[in-house]
Amino acid sequence: MSIPSKYEAQSVEDQWYKYWMENGYFHSTPDSREPYTIVIPPPNVTGVLHMGHMLNNTLQDVLIRRARLLGKNACWVPGTDHASIATEAKVVARLKERGIAKSEISRDEFLEYAWQWKNEYGGVILEQLKKLGCSCDWDRTKFTMDDDMSASVIRIFVELYNKGMIYRGYRMVNWDPEARTTLSDEEVIYEEQQGLLYYISYPVEGTDEHLVVATTRPETILGDTAICIHPQDERFAHLKGKRAIVPICNRSIPIIEDEYVDLEFGTGCLKVTPAHDENDKALGEKHKLEIIDIFNANATLNTYGLHYEGKDRFVVRKEISAELKELGLLKKTEPYTNKVGTSERTKAVIEPRLSEQWFLKMDTLAQPAIDAVLQTDEVKFFPKKFENTYRHWMENIRDWNISRQLWWGQRIPAYYYGKGSQDYVVAEDALQALELAREKSGNDKLKEIDLRQDEDVLDTWFSSWLWPISVFDGILEPENKDFKYYYPTSDLVTAPDILFFWVARMIMAGYGLKGQKPFEHVYLTGIVRDKQRRKMSKSLGNSPDALELISHYGADSVRVGLMLSSAAGNDLLFDEALCQQGKNFANKVWNAFRLIQGWEVKDIPQSESAQLGLEWYQAKLAKTLSDINDHFNKYRISDALMSVYKLVWDDFCSWLLEIVKPAYQQPIDRKTYNAIIKLFEANLCILHPFMPFLSEEIWQRIRKRNKDEALIVASWPELSLEDQELIPEFEFATSVISAVRNIRKEKNLANKEPLDLLLIDKEKLSQRWDVVIKKLAHLKNIESVGAAVEGAVTFRVKSNEYFIPLEGKLDTEAEIKKIEEELQYTRGFLKSVEKKLANERFVNNAPEKVVALEQKKAADALAKIETLEKSLASLE
RNA sequence: GGGCUCUUAGCUCAGCUGGUUCAGAGCACCUGCCUUACAAGCAGGGGGUCACUGGUUCGAAUCCAGUAGGGCCCACCA
């Protein structure tokens, strides 16, 4: 049977995924084992796999696969998010393509379209995760708008309302005129924008004076209801109590005084537009000003816009400034950069708008969530630095606007029965609502038809914040087996940009609703960027197609590429070369398999070198394994991978296999062979979380397996840390080997030309390594001698001096030079050490151990100098 | 404006409570090799005043202060 010399990922990956699925290895049910649970950060149901998902989900899969190998009951719950605003926007756009406007159809019709669309295209991303190798428990797949999930959301809304934590408020909110909905503060992104500061002149009533006001938004003058000056501002003192005329609409407005005004900024005069600015609204309330809202929902002007009615705010900005200029009321403009709020989803410029919305009180929810992270450490962040960010936000938290003027989502379960502002009830369904309404109104004759349910839906995050609870049905059935077993979950892996949106809120929900943390560890990934540090995004077009990468390099290689440079919390500068590195590694492992697979096994005695090599590798594996476990415990995933990488490539392939490898066409002894297979299996097991397909493929082929055996459910190796002294011994041996190789290269000697190695052995190191050195350095013979050998090339490892007799090829001058250089360095080194030791304060203050070490350094250096001087003498 | 954080080899990063695991790793680079597991490879090698300036200390990449320059988060100055 011939095995291809290149590993072909494409031909095996799908097959193994299918095999794992068919055997139910991803599926988890409660049992006596310790649970290990991850809930996926649910991607948008209409989303497609991008690099961020790949990073994020590879990390989760690495963790979940390792937990499975460690014998835990690993459960990774997948699912998708309904993403109300994003999905609704997509559905609206699609309807538009078909010539249907949202305004023309009913809510029910719209929802029907939306569901249809969701069912057709939704969940593509989950299929893509399978290509990546994600071992999710697909039987548990959830969608945030599944019936039970929605029912959970509604129940929590009612519960919180009844506790008085949810209230309605007429507030200034962030209005997205494109999506025509409000947004929470977190969904607004402030961007620096180059704009203009317009200086507009307002005539003062009854005088021929003018007041000049600086504004970035001239179109809002039509909503002005006051001009504000600073009470101490002498420039305007004479205008106190007077009124000004708003240009164009010629409305008379009061000139008010307030210390809020910054004397230094602009002209020291502020126009007040309570309907369109948070601060102005506050001023308006304080001074009892009229509120004039000049905008429609889509940010065109309404009737207050006069001749601008129906025109967009930005169009009006241009036109109105032109008109003002014509009227001679636009004194000047100057360039000005300010931060403009934009919608995270639609990128539209946010319009502050006054409206009736639902809010969730956050202060009581926040406190236990702050304590859990910062006091009790019940929830731990990796990396820790995000705890500061978290604290900052949590301590300044504001009430959460949870209503959205959309249709796609959980409809707010508030039912109105009358015209009064308090004529409503909140209930899980219409029937209960009716009962409550009758009670509250005292009107027994109310019928279901008299009830009008609130038109708004809930913010998407109002369902996601329940995710770790609701996926296990912990809200509707709090005592169910799954919830009690899997909750709280173990690890959460997510990007830091949703720390507030999601992570913080889940922690609040966990404590607030269940009195328990939702997860123990939060691993915050970096953001995937391109080589120029730009965030990878669809619009920039700098993001490679995830599936193309997989089909080109294989899922394992892409996973390795991502994991190699993904220190927690550090941005990942993605470069396809990383995938190539992964692919090279896959091939390396594959070829190790090919080598071993090709050996003929015979019952012959084991060689000394093989035995020694195996003992050493055992020790090395144990050490590396403990390093790897330590890395995992600290969530240093890329370090863990690098340790595996070096273990397999350097220690296993480059050293061990070379040590035990039989000569060409020679058989290998059974004992060594069996040991190698076992060690290879251990390597594959450690490698499996990172490269599940390749490792399973080789593991299954390397020896005969029963039907119910699979690497995915094998056991993580456990090794004792004995015989660790073999490691430094081996390092000594490899130094000798490298030195010989070096001389071969310098002297241009063929690799396999047998050489003699003589040495003056001062290190008292066990000579048992000679067999290994002999084999790997291609030596005829290793022999101890009493004195320096003439006519030989020399090198030193620690205090040992080695000679390779090379008559004819010896360049005495070069040899002398080499020794002199080494001598010079060693003397310099000795001098610095002696200087340190001569320093009384050092000797008196430094710990004994450190002083002893320095003394040893000095002694070693002295010995080496002596050796070098002797060699030099013999050459000259 | 407030808070947090970073600056170590060409690139990406390790270096925990100051002292031989202190100057490291991977990649890239350079030089030999198509040596029957692997050229997606093997062997060898060259790269760094640890951002700058002071301080503490017997001793600083590591602790402290300041300077310069990045990054992130928060914040309503028109």
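We name chains A, B, ... by the order of the sequence lines, and we start the count at 1 in each one.
The side chain of A:Leu853 lies closest to B:U20 when the candidates are B:G45, B:C58, B:U20. The A:Met642 side chain lies nearest to B:G26 when the options are B:G19, B:A37, B:G26.
Judged by closest nucleotide on RNA chain B, A:Asp650 is the one of A:Asp650 and A:Arg594 placed further toward the 5' end. With the nearest nucleotide of RNA chain B identified for both A:Gln580 and A:Ala846, A:Ala846 has the one nearer the 5' end.
A:Glu658 comes within contact range of at least one nucleobase, with a heavy-atom separation under 4.0 Å. In this structure, A:Ser638 reaches neither bases nor backbone, as no heavy-atom distance under 4.0 Å exists between it and the strands shown. Within the 4.0 angstrom heavy-atom criterion, base atoms lie near A:Asn587. Looking at heavy-atom distances under 4.0 Å, A:Lys836 makes no contact with the nucleic acid at all.
A pairwise comparison of heavy atoms in A:Thr333 and A:Leu330 identifies CG2-CD2, 4.1 Å as the closest pair.
Sparse packing is recorded around CD of A:Glu840, with 12 or fewer heavy atoms of other residues, nucleotides or ligands lying under 6.0 Å away. Atom OH of A:Tyr336 sits in a crowded spot, with more than 12 heavy atoms from other residues, nucleotides or ligands closer than 6.0 Å.
A ring-centre distance under 6.0 Å is not found for A:Phe680 and A:Phe593.
In this structure, B:U56 is classed as anti because its glycosidic torsion departs from zero by more than 90°. Annotated as anti: B:G66, whose glycosidic dihedral deviates from 0 by more than 90°. Base orientation of B:U53: anti, the glycosidic angle falling outside 90° of 0.
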Collect all protein-nucleotide pairs involving nucleotides 33-36 of chain B in which both atoms are nitrogen or oxygen and the distance is under 3.5 Å.
unit_1	atom_1	unit_2	atom_2	d
B:U36	O2	A:Tyr664	OH	2.6
B:U36	N3	A:Tyr664	OH	2.3

Can you tabulate the close N/O pairs, meaning under 3.5 Å, that link protein atoms to atoms of nucleotides 27-31 of chain B?
unit_1	atom_1	unit_2	atom_2	d
B:C27	OP1	A:Tyr645	OH	3.3
B:U31	O2	A:Lys745	NZ	2.2

Check your understanding: Can you give the dot-bracket line for RNA chain B, using ( ) for pairs inside the strand, [ ] for pairs that cross earlier ones, | for pairs with another strand and . for unpaired bases, where Watson-Crick and G-U count if both distances are under 3.5 Å?
Key -> (((((((..((((.....[....)))).(((((.......))))).....(((((..]....))))))))))))....
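The separation of B:C63 from B:C74, taken at their C1' atoms, amounts to 30 Å, rounded to a whole angstrom. Taking the P atoms as reference points, B:C42 lies 12 Å from B:A28, given to the whole Å. Comparing the P positions of B:U62 and B:G2 gives a spacing of 27 Å, expressed to the nearest Å. Taking atom C1' in both B:G24 and B:G47, one finds a spacing of 13 Å when rounded to whole Å. When the C1' atom is compared between B:C72 and B:A9, the two are found 27 Å apart, to the nearest whole Å. Of the C1' atoms belonging to B:G45 and B:C50, the separation is 23 Å, rounded to the nearest Å. Separating the P atom of B:A65 from that of B:A78 is a span of 34 Å, rounded to the nearest Å. As rounded to the nearest Å, B:U31 and B:U36 have P atoms that lie 23 Å from one another.
Remark: A:Lys332 is positioned above the aromatic ring of A:Tyr199, its terminal NZ or CZ atom under 6.0 angstrom from the ring centre and at most 45 degrees off the axis.
Taking a cutoff of 4.0 Å between a charged side-chain nitrogen and a carboxylate oxygen, A:Lys864 and A:Asp860 do not qualify as a salt bridge. Salt-bridge formation is detected for the pair A:Glu697/A:Arg701: a Lys NZ or Arg NE/NH1/NH2 atom is positioned less than 4.0 Å from an Asp or Glu carboxylate oxygen. A salt bridge between A:Lys281 and A:Glu278 is absent, with no side-chain N of the basic residue lying under 4.0 Å from a carboxylate O of the acidic one. A salt bridge does not link A:Asp651 to A:Lys646: none of the charged side-chain nitrogens sits closer than 4.0 Å to a carboxylate oxygen. The pair A:Arg391-A:Glu387 does not count as a salt bridge, with every side-chain nitrogen at least 4.0 angstrom from each carboxylate oxygen. Of the charged side-chain nitrogens involved, none lies within less than 4.0 Å of a carboxylate oxygen, so that A:Arg313 and A:Glu219 do not count as a salt-bridged pair. Electrostatic pairing of A:Glu834 and A:Lys831 does not count as a salt bridge here, judged by no charged N lying under 4.0 Å from a carboxylate O.
Here the P atom of nucleotide B:A40 and the CG atom of A:Leu578 are 18 Å apart, to the nearest Å. The CZ-C1' distance, from A:Arg636 to B:G26, rounds to 15 Å in whole Å. Whole-Å rounding puts the A:Asn570 CG to B:C13 P distance at 6 Å. Spacing between atom CG of A:Asp651 and atom P of B:A25 amounts to 14 Å, rounded to whole angstrom units. Taking atom CG of A:Leu641 as the reference point, atom P of B:A25 lies 17 Å away to the nearest angstrom. Spacing between atom CD of A:Glu854 and atom C1' of B:G19 amounts to 7 Å, rounded to whole angstrom units. One can place CZ of A:Arg741 at 9 Å from C1' of B:C42, the figure rounded to the nearest angstrom.
Taking side-chain N and O atoms only, A:Lys6 has a distance below 4.0 Å to OP1 or OP2 of B:A39. For the OP1/OP2 pair of B:C42 and a distance below 4.0 Å, the side-chain nitrogens and oxygens of A:Arg744 include no atom meeting the criterion. For A:Asn845 and B:C58, the shortest distance from a side-chain N or O to OP1 or OP2 is below 4.0 Å.
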Exercise for review: Could you run through nucleotides 69-78 of chain B and give me one letter per nucleotide, 5' to 3': B if any protein heavy atom sits under 4.0 Å from the base, S if only the sugar-phosphate is that close, - if neither?
Suggested key: ----SSBBBB
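Side-chain atoms of A:Lys588 come within donor-acceptor range of the base of B:C38, with a qualifying N/O pair under 3.5 Å.
Residues A:Asp258 and A:His287 have side chains that bring a donor and an acceptor to within less than 3.5 angstrom of each other.
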Practice item. Any chance you could lay out the ring-ring contact (aromatic ring centres under 6.0 Å, His included) test for A:Tyr802 and A:Phe795, step after step, and finish with the verdict? Key: CA-CA 5 Å; A:Tyr802 294 83; A:Phe795 64 88; 4.9 Å; yes
Review point. Which is it for A:Lys331 and A:Thr267 under the side-chain hydrogen bond (donor to acceptor under 3.5 Å, both in side chains) test, yes or no, and what are the steps along the way?
Key: CA-CA 11 Å; A:Lys331 291 301 170 201; A:Thr267 58; over 6 Å; no
Side-chain donor/acceptor pairs under 3.5 Å, residues 571-592 of chain A, sequence neighbours excluded:
unit_1	atom_1	unit_2	atom_2	d
A:Asp571	OD1	A:Ile527	N	3.1
A:Asp571	OD2	A:Arg529	NE	2.5
A:Asp571	OD2	A:Arg529	NH2	3.1
A:Asp575	OD1	A:Ala577	N	3.1
A:Asp575	OD2	A:Lys531	NZ	3.4
A:Glu576	OE1	A:Tyr553	OH	2.8
A:Gln580	NE2	A:Asn584	OD1	2.9
A:Gln581	NE2	A:Tyr645	OH	3.3
A:Asn587	OD1	A:Tyr7	N	3.0
A:Trp590	NE1	A:Pro4	O	2.8
A:Asn591	OD1	A:Arg594	NH1	2.6
A:Asn591	ND2	A:Ser5	O	3.2
A:Asn591	ND2	A:Asn587	O	3.0

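Legend: salt bridge (Lys or Arg N to Asp or Glu O under 4.0 Å) pairs involving residues 740-752 of chain A, not counting sequence neighbours: none detected.
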